Amino acid sequence: MRPGVSLNDFSRTDREPLIHLSNADLMPLPEPLTDKKDDPVSPALSEECRNRYECGLDDTCAVNIPQPKSPQEEERLVAQFLTGLEKLFSAANNWTFLQPLLLTMEHCTGCQTCADACHIFEASGRNELYRPTFRSEVLRRLYFKFVKHGGLFSAWQHGDIRLNWPLVARLIELSYRCNLCRRCAQACPIGCDNGLVAHELRKLFSQEMGIAARELHDQGSMLQLKAGSSTGMNAEVVKDNVAFIDEDISERTGIEVHTPWDVHGADVLLIHNAGEIMAWPENPGAFALILTLAGVSWTMSSELAGYDSINYGLWYDDAQFARVALKHVEAARKLGVKRVVLGECGHAHKALCVVADRMLTGEFNVPRESSLPLLRDIVLGGKIRFDPTRNDFPVTLHDPCNLVRLMGVVEPQREIVRALCPQFREMEPHGVDNYCCGGGSGFAIMSGNNFSDWRFHVAGRRKLDQVLTAFSDCLDPATPKYLCAPCSNCKGQFRDMLAYYDLWEKNRILYGGLVELIVNAATDVKPGFIEWEWH
Amino acid sequence: MAIAVYLAIYSGLLVFLIGCFLRIREYSRVPFHLRWELYPVPHEAPQYAAHGGSYFESAESWRKPQEHHHVREWAAMLEEIVFLRSVWESNRRLWVSSFCLHSGLYLSIAAAALAAIAGVVPAHAALIPVSAGLATAAAWIGITGAVVIVDGAILLLISRVREPGLRNYTKGADIFNLLFFVATFGLLIAGTLVSGHAAATAEIVRGALRLDLSLPIHPLLGAGVVCASALAAYIPFTHMSHFIAKYFTWHEVRWDDRRMERGGALERRMAENLQYRPTWAAKHVGADGQRSWVEIAAGDPPQEVRK
Ligand code: SF4
Ligand code: SF4
């Protein structure tokens, strides 16, 4: 272990961060960012933040946990944590993930195969704190000591640990230094899942202690359940915005588009991540145009949460997760649609199609699927004519973890870009072996303090490396390049990260969704749908 | 001497079986969990499995029955069990030592099985060559296995001590476990050598099956067999019982893509879970130990002031 960072340090009572990362420590980047001087220096946390919140982990702060005012308060928090720990391992409280969690706790051999698979560990310059097993090992030791009530023999077998408030505070922050991409789990020869550990820790903190990243809870799932969307848009506002998008798209493409709302008995209920409507309106616009041209019977829903597919509970809270999933399904049931089809949002796919699957029994089991196979069938089916030369620029494809490794939707998007983009090139590795964009598990929407600097420097670094390598033959700004990311959160991460490194200005690397490429190549559409402008 | 060795074998095996049973019971009794699969999933239909995809790659896949290709799954299991494919692919540095340890164990188990068969072959004149042949095969397979295990365990010990990444997560018990393997199989090799004939261990197995108290056993070999019995009894109570865990992590987590069908068996299993009454304390959960999980999920979160 690097000097100064050990499992024992995790209980250190001073408030100094355990590590400091400087740019020199980080994994090198390829051209045009080989010179570390071009890597912006992360700003230090503000005095105010360090004095108010628990910032004893590293150079950033994701959760803003207020510092307890007294030793008694610390004791109360530790006691709360211990009660939550017990619950995490009880069937009544955690039937949802108990089996994989137990297996992960009891069978890790410490072989470190997972370490090389983790982009965060690698990008940090292999800093011990970010090793996938570091946080798992803390939880494992706590499990054997406090849940299994192990004594000296257990400490010899599984290792010992000192529980105090600084440890709990650091563990809260450390559970937000993992993208939950589960690449490490894919590599583990035993099947242990360090991503799951981060997920379960976040659940413990939220469900027992009421602690979670504000962007995920207050401004995320709570707002969605109250207003209908984490964007804060209610149904009327969404409808207005979509009407404006329809108008704009009709004008830009020369094809009249009207998004249908609340159509009973439609074949498809399309649910977008509502962030698209706000930040990338061309994406829902392109969807509307494609479905219109293809003659699909479709609708959108104005039910609460029926127009926003996000489900942040997936990342930190089972109760919130189930509530939002039920709202999505209720919207579909009310309209009596045949199936729910999810727009370009990876976590929404996994949440509603995979993780919620077993919760949705009886009449709640409404068919739910990805939009990518439908789009592939439309593109290859011949109903719409395409001219791939309109997409004759370098294109690479990002694989959102939730869609690919965690759901198995690998090829449909590739079949589309192969058919429509003559200069398509893969990143390496790709498909189920992809790397996370660095925005996974909610990071893409978390920018408090200097957290976004961390997410570009560390969490997103491996992906940035892949993107730059994929375009290494055409970095010249004279050649516009398109990074296709069929996921709203990934797009958010790319938007912020490309801007951070000035890669649009200097190298003309633009990011966008998949449907934009489809519309851009559609022969019946006015040319130039993709506007080579930063947004 | 013989009776002590036989008692060790009987009790070692018994504790091993009880330990395995308890582990299996522990993991099979936990509730049916949510889907948490990881792709590639080898039993997917070939058109998806070829690139690690799933049935979600087809529009309206829910209209068709879910396919499950057992042969592909068995092939993947075989590759994993015999060749430790995931270690090969993701951690080549550790593969040689892991492969030695595991393949040595498989050989030793095969040798014990052969010796047991040899031991129960009736003492009919016509069958003597059969049992002798089996015993000899068991002897040589066992010796090979033991040598390979000792090599693998020593290599793993070196890695655990020398490589910082491994060393930092190595506990006292990990070192002890590897030393236990080295000592056990080292004693078996040494005991066989000093006994003067290769099939000495196979004869002990035969003796144990027939309770042959007159069998002379060299103390060194006897110690090896006692250690092996103790090792067998110890394994299920450590993380080394991952051969059991792996069944669950692979089949019930990573590859478990069974989808919910209305009125199906999975629905019935899930119905029990939805009746659990959680007690999570955070206000927004709204759990009070009285409301069921499904009631909580169906309700809106009580508003709360968050930290
Ligand atoms: S999680 Fe798996 S890969 Fe990582 S150290 Fe544990 S057993 Fe090895
Ligand atoms: S889930 Fe992803 S980010 Fe988290 S530890 Fe594993 S590989 Fe690293």
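Because the structure is predicted, anything quoted here is derived from the model rather than measured. Note on naming: letters A, B, ... go to the chains in the order of the sequence lines (proteins, then strands), and numbering restarts at 1 for each one. What's counted below: heavy atoms across the whole structure, side chains too, no hydrogens, waters or symmetry copies.
Per-residue counts of heavy-atom pairs under 4.5 Å with chain A were compared for B:Glu60, B:Glu80, B:Glu44; the largest is that of B:Glu60. Of the residues considered (B:Leu94, B:Asp300, B:Val87, B:Asp174), B:Asp300 shows the highest number of contacts with chain A, using heavy-atom pairs under 4.5 Å. Taking chain B as the reference chain and counting heavy-atom pairs below 4.5 Å, the highest number among A:Thr96, A:Leu204, A:Thr83, A:Val341 is found for A:Thr96. Heavy-atom pairs under 4.5 Å with chain A were tallied for B:Val30, B:Leu34, B:Ile296; the largest tally goes to B:Leu34. Highest contact tally toward chain A, considering only B:Leu274, B:Asp256, B:Asp257, is held by B:Asp256 [criterion: heavy-atom pairs under 4.5 Å]. Contacts with chain A were tallied for B:Gly289, B:Gly264, B:Ser98, B:Gly299; B:Gly299 has the most, counting heavy-atom pairs under 4.5 Å. If you tally non-hydrogen atom pairs under 4.5 Å between each of B:Arg277, B:Arg85, B:Arg259 and chain A, the highest count goes to B:Arg259.
Using a 4.5 Å heavy-atom cutoff, the side chains of B:Arg254 and A:Arg182 are not in contact.
Taking B:Trp74 as the reference, B:His70 meet the ring pair (Phe, Tyr, Trp, His ring centres under 6.0 Å) condition, with sequence neighbours excluded. Applying the salt bridge (Lys or Arg N to Asp or Glu O under 4.0 Å) test to A:Glu369 and every residue at least two apart in sequence or in another chain returns A:Arg339.
Residue B:Arg269: no heavy atom, backbone or side chain, is found under 4.5 Å from chain A. Residue contact with chain B, scored on non-hydrogen atoms closer than 4.5 Å, involves the backbone of A:Leu360 exclusively. Heavy atoms of A:Lys350 lying under 4.5 Å from chain B belong exclusively to its side chain. Using a 4.5 Å cut-off between heavy atoms, A:Cys108 contacts chain B through its backbone alone, with no side-chain atom that close. Neither the backbone nor the side chain of B:Thr170 comes within contact range of chain A, judged by heavy atoms closer than 4.5 Å. Looking at A:Asp357, both its backbone and its side chain come within 4.5 Å of chain B, counting heavy atoms on both sides. Looking at B:Glu252, both its backbone and its side chain come within 4.5 Å of chain A, counting heavy atoms on both sides. Both the backbone and the side chain of B:Ser241 come within less than 4.5 Å of a heavy atom of chain A. Contact annotation for B:Phe237: only backbone heavy atoms (N, CA, C, O) come within less than 4.5 Å of a heavy atom of chain A. When heavy atoms are compared at a cutoff of 4.5 Å, A:Gln413 does not approach chain B at all. Both the backbone and the side chain of A:Ala187 have a heavy atom closer than 4.5 Å to some heavy atom of chain B. Within the 4.5 angstrom heavy-atom criterion, only backbone atoms of A:His158 (N, CA, C, O) approach chain B. In this structure, no portion of A:Val324 lies under 4.5 Å from any heavy atom of chain B. The parts of A:Ala91 that come within reach of chain B are both its backbone and its side chain, each placing non-hydrogen atoms under 4.5 angstrom from that chain. Contacts between A:Leu406 and chain B at a heavy-atom distance below 4.5 Å involve backbone atoms as well as side-chain atoms. In this structure, chain A has no heavy atom under 4.5 Å from any part of B:Arg29. Interface residue A:Asn365: backbone and side-chain heavy atoms are both found under 4.5 Å from chain B.
No side-chain donor from either of B:Asn168 and A:Ser6 sits under 3.5 Å from a side-chain acceptor of the other. Side-chain atoms of B:His33 and A:Gln99 include a donor-acceptor pair closer than 3.5 Å.
In this pair, B:Trp36 and A:His199 present their aromatic rings tilted. The plane angle is within the 30 to 60° band.
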Worked verdict on A:Val404 versus B:Tyr39 for side chain to side chain contact (heavy atoms under 4.5 Å, CB included): CA-CA 8 Å; A:Val404 176; B:Tyr39 290 87; over 6 Å; no
Steps toward side chain to side chain contact (heavy atoms under 4.5 Å, CB included) verdict (B:Phe32, A:Trp95): CA-CA 7 Å; B:Phe32 181 46; A:Trp95 60 268; over 6 Å; no
Trace of the side chain to side chain contact (heavy atoms under 4.5 Å, CB included) decision for A:Thr361 with B:Met260: CA-CA 7 Å; A:Thr361 56; B:Met260 210 66 162; 3.6 Å; yes
A:Val409 vs B:Tyr48, side chain to side chain contact (heavy atoms under 4.5 Å, CB included): CA-CA, chis, key distance, verdict: CA-CA 9 Å; A:Val409 181; B:Tyr48 310 129; over 6 Å; no
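Using a cutoff of 4.0 Å between basic side-chain nitrogens and carboxylate oxygens, A:Glu137 and B:Lys171 are scored as salt-bridged.
B:Ser86 places no side-chain N or O within 3.5 Å of a backbone atom of A:Cys188 that could act as its donor or acceptor partner.
Less than 6.0 angstrom separates the ring centroid of B:Tyr27 from the ring centroid of A:His107.
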